[in-house]
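Quick notes on the structure that follows.
Remember, it's a predicted structure, so these values are computed and weren't measured experimentally. Letters go in sequence order (proteins before strands), and every chain restarts at 1.
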Amino acid sequence: MNRAHTVFASNNKNFPYYHKIKRLQEELSNKVVTKDCFTRPIRHVCGVDVSYRNDVGYCSAVILRKDTNEVLESVNVKCKINYPYISGLFLLREYEPILTALNMLSEEYDLLLIDGHGQLHPTKCGLACNIGITMSKPTIGVAKSLLCGTIKNDRSIELAGQILGRVVEKILGKPVYVSVGNKISLMTAEKLVQELIANGQHIPQPLLIAHINSRKFANEKF
DNA sequence: GCGACAG
DNA sequence: ATCTTGTCGC
């Protein structure tokens, strides 16, 4: 497919297969496990992020030690992006580069952090769920802006009558929105994201390092 | 009906 | 996400 050049309106429901893909995500949402599935204490945490230059995505995945934030492994993948950004269909752009990067890692990790929503999604199955189900790993969705849902006074986020997200705000005015990707409870996800945000930062350290690496990777001249 | 809408 | 310098503020 070569649709990246095509012009679409800001959030285009006319995109080919828009409704089909949404239905697939709705079906997949039933496979999301919202219980903690850890086999050992969490030692290693993986973070992934993608930066862009034109229609090329530069994806970086890193594994950090949870206690010291030491970087244990870091991989970079360059990948042509063939789809536009469409709200709700974020997976069209980042699913492939992220999976490619994750599959290049050789170290083990106990937890995966994805830059985007998990269950806090119109289909209850955002990018973090898609990746988490494919990898079959405890996965948390960490987004920097809200896509849907209502923030309540206790910082929980309600969607369609369920509590599917939590606001975590270590720096005043710079919150992240946490939701379950797979194999973890919302309560544990919130606690871990809190713990993984270093002082002076507002996003978890593994995602920050992945973000810095991918930007550096995207700006390297050839 | 209209607007909003992860990165 | 990205295009982009200096500048205001803690």
Q: Return yes if a side-chain donor-acceptor contact under 3.5 Å exists between T139(A) and N182(A), otherwise no.
A: no
Q. Just how far, in rounded Å, is P of dC5(B) from CG of L120(A)?
A. 14 Å
Q: Grab the NZ-P distance between K22(A) and dA6(B) for me, whole Å please.
A: 11 Å
Q.
K22(A) vs E26(A), test: salt bridge (Lys or Arg N to Asp or Glu O under 4.0 Å). Steps then yes/no.
A. CA-CA 6 Å; K22(A) 282 237 163 171; E26(A) 281 161 8; over 6 Å; no
Q. Roughly, in whole Å, what's the span from OH in Y177(A) to C1' in dA6(B)?
A. 11 Å
Q.
Between P on dG3(B) and CG on L147(A), what's the gap in Å once rounded to a whole number?
A. 19 Å
(Q) Short of 4.0 Å, heavy atom to strand atom, which residues of residues 121-145 of chain A count as contacting DNA chain B? (A) H121(A), G126(A), L127(A), A143(A), K144(A), S145(A)
**Q.** Atom-pair distance (CG on D49(A); P on dG7(B)), nearest Å
**A.** 10 Å
Q) At their closest point, which heavy atom of C59(A) faces which heavy atom of V48(A), and how far apart are they? A) SG-CG1, 3.6 Å
Q: Could you state the atom-to-atom distance from CD of Q119(A) to C1' of dA6(B) in whole Å?
A: 15 Å
Q | Geometric class of the Y58(A)/F217(A) ring pair [parallel <30°, tilted 30-60°, perpendicular >60°] | A | perpendicular
(Q) Quick check against the 3.5 Å criterion: does H211(A) have a side-chain atom that pairs as donor or acceptor with the backbone of S51(A)? (A) no
Q: Would you mind reading off the distance between Q25(A) atom CD and dA6(B) atom P, rounded to a whole angstrom?
A: 14 Å
Side-chain donor-acceptor contacts of residues 98-110 of chain A below 3.5 Å, not counting sequence neighbours, with atom names and distances?
residue: T100(A); atom: OG1; partner: E96(A); partner atom: O; Å: 2.7
residue: N103(A); atom: ND2; partner: L99(A); partner atom: O; Å: 3.1
residue: S106(A); atom: OG; partner: E73(A); partner atom: OE2; Å: 3.0
residue: D110(A); atom: OD1; partner: R40(A); partner atom: NE; Å: 2.7
residue: D110(A); atom: OD1; partner: R40(A); partner atom: NH2; Å: 3.0
residue: D110(A); atom: OD2; partner: R40(A); partner atom: NH2; Å: 3.4
residue: D110(A); atom: OD2; partner: R43(A); partner atom: N; Å: 2.8
residue: D110(A); atom: OD2; partner: H44(A); partner atom: N; Å: 2.9

Q) Judged by modelled atom types alone, do N82(A) and K80(A) share a side-chain donor-acceptor pair under 3.5 Å? A) yes
Q | Pair S60(A), S214(A): side-chain N/O donor-acceptor within cut-off below 3.5 Å | A | no
Q) Stems in DNA chain B: runs of 3 or more consecutive Watson-Crick or G-U pairs, distances under 3.5 Å? A) none
Q. Out of D36(A), V45(A), L111(A), which residue meets the side chain to side chain contact (heavy atoms under 4.5 Å, CB included) rule with P138(A)?
A. L111(A)
Q: Just do the salt bridge (Lys or Arg N to Asp or Glu O under 4.0 Å) check on K144(A) and D115(A) with the steps written out, would you?
A: CA-CA 8 Å; K144(A) 294 181 288 297; D115(A) 202 329; 2.9 Å; yes
(Q) Pair L91(A), I21(A) - check side-chain contact (heavy atoms from CB on, under 4.5 Å), show working. (A) CA-CA 10 Å; L91(A) 84 167; I21(A) 299 167; 4.2 Å; yes
(Q) Quick test of your reading of the model: are E195(A) and K191(A) salt-bridged, counting only N-O distances below 4.0 Å? (A) yes
Q | Start and end of the DNA chain C segment that chain A contacts, any atom under 4.0 Å from a heavy atom | A | dA1(C) to dT2(C)
Q. Starting at the 5' end of DNA chain C, what dot-bracket string do you get if Watson-Crick and G-U pairs under 3.5 Å are bracketed, crossing pairs use [ ], other-strand pairs use | and unpaired bases use dots?
A. ..........
Q: Classify the nucleic acid contact of F90(A) as base, sugar-phosphate or nothing, counting any heavy atom under 4.0 Å across all strands shown.
A: base
Q. Rounded to whole angstrom units, what separation is found between the NE2 atom of H211(A) and the C1' atom of dG7(B)?
A. 9 Å
Q) Under 3.5 Å, is there a donor-acceptor pair between the side chain of D49(A) and the main chain of L208(A)? A) no
Q) Ring-on-base stacking between Y85(A) and dG7(B), under 5.5 Å between centres and under 30° between planes: is it there? A) yes
Enumerate, atom names and distances included, each donor-acceptor pair closer than 3.5 Å involving a side-chain atom of residues 163-174 of chain A, sequence neighbours excluded.
residue: R166(A); atom: NE; partner: E190(A); partner atom: OE1; Å: 3.0
residue: R166(A); atom: NE; partner: E190(A); partner atom: OE2; Å: 3.4
residue: R166(A); atom: NH1; partner: D154(A); partner atom: O; Å: 3.1
residue: R166(A); atom: NH2; partner: D154(A); partner atom: O; Å: 3.3
residue: R166(A); atom: NH2; partner: E190(A); partner atom: OE2; Å: 3.4
residue: E169(A); atom: OE1; partner: R155(A); partner atom: NH1; Å: 3.2
residue: E169(A); atom: OE1; partner: R155(A); partner atom: NH2; Å: 3.1
residue: E169(A); atom: OE2; partner: G173(A); partner atom: N; Å: 2.6
residue: K170(A); atom: NZ; partner: I197(A); partner atom: O; Å: 2.7

